[in-house]
Amino acid sequence: MAMGKRESLARGGCVTRLRSVVFSTVLIVFLCGPIALFAAERADVSLPGWLTSEDAAYLSGGVERTDLFERRGLREILGNG
């Protein structure tokens, strides 16, 4: 059976709309991921090590906290001064 032009456009519009919804959902999930991790860290929620940077900090020898307001210049911030 041959479809009419209107039926063909309606079917194509549905696919385009579905593709747009899927793309928007994936984009929102990727953009909200870092915010969710930050909120979980602030709420002291226990997260697995593979989801955080704890393993990398352990392997590199620890985390050095830097107060940028104490530093006087760019060379001190980069560690050359």
Side-chain angles (χ1 to χ4, degrees):
M1 293 185 136
M3 268 197 263
K5 193 171 187 178
R6 178 172 285 159
E7 293 163 350
S8 176
L9 287 175
R11 200 171 268 192
C14 181
V15 171
T16 303
R17 189 170 297 140
L18 178 64
R19 184 174 35 193
S20 296
V21 168
V22 169
F23 175 76
S24 298
T25 304
V26 169
L27 185 66
I28 288 171
V29 166
F30 280 135
L31 291 177
C32 291
I35 295 170
L37 285 176
F38 178 76
E41 180 181 304
R42 291 292 179 200
D44 290 332
V45 175
S46 180
L47 297 172
W50 57 267
L51 193 57
T52 63
S53 61
E54 290 177 11
D55 293 340
Y58 172 75
L59 293 173
S60 69
V63 176
E64 182 180 327
R65 301 278 181 195
T66 303
D67 186 10
L68 294 178
F69 295 111
E70 283 184 10
R71 306 295 180 170
R72 287 181 227 125
L74 185 60
R75 289 187 183 194
E76 280 191 45
I77 292 172
L78 296 176
N80 296 333

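FYI, side chains are in, hydrogens and waters are out, and symmetry mates aren't considered; it's all heavy atoms of this structure.
- The side-chain contact (heavy atoms from CB on, under 4.5 Å) search around A40 returns V45, L47, not counting sequence neighbours.
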Could you pull out all donor-acceptor pairs under 3.5 Å where a side-chain atom in residues 18-25 meets a protein atom, sequence neighbours excluded?
residue: S20; atom: OG; partner: T16; partner atom: O; Å: 3.0
residue: S24; atom: OG; partner: S20; partner atom: O; Å: 2.9
residue: T25; atom: OG1; partner: V21; partner atom: O; Å: 2.8

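- Partners of P48 according to the side-chain contact (heavy atoms from CB on, under 4.5 Å) rule, which considers only residues two or more places apart in sequence or in another chain, are W50, L51.
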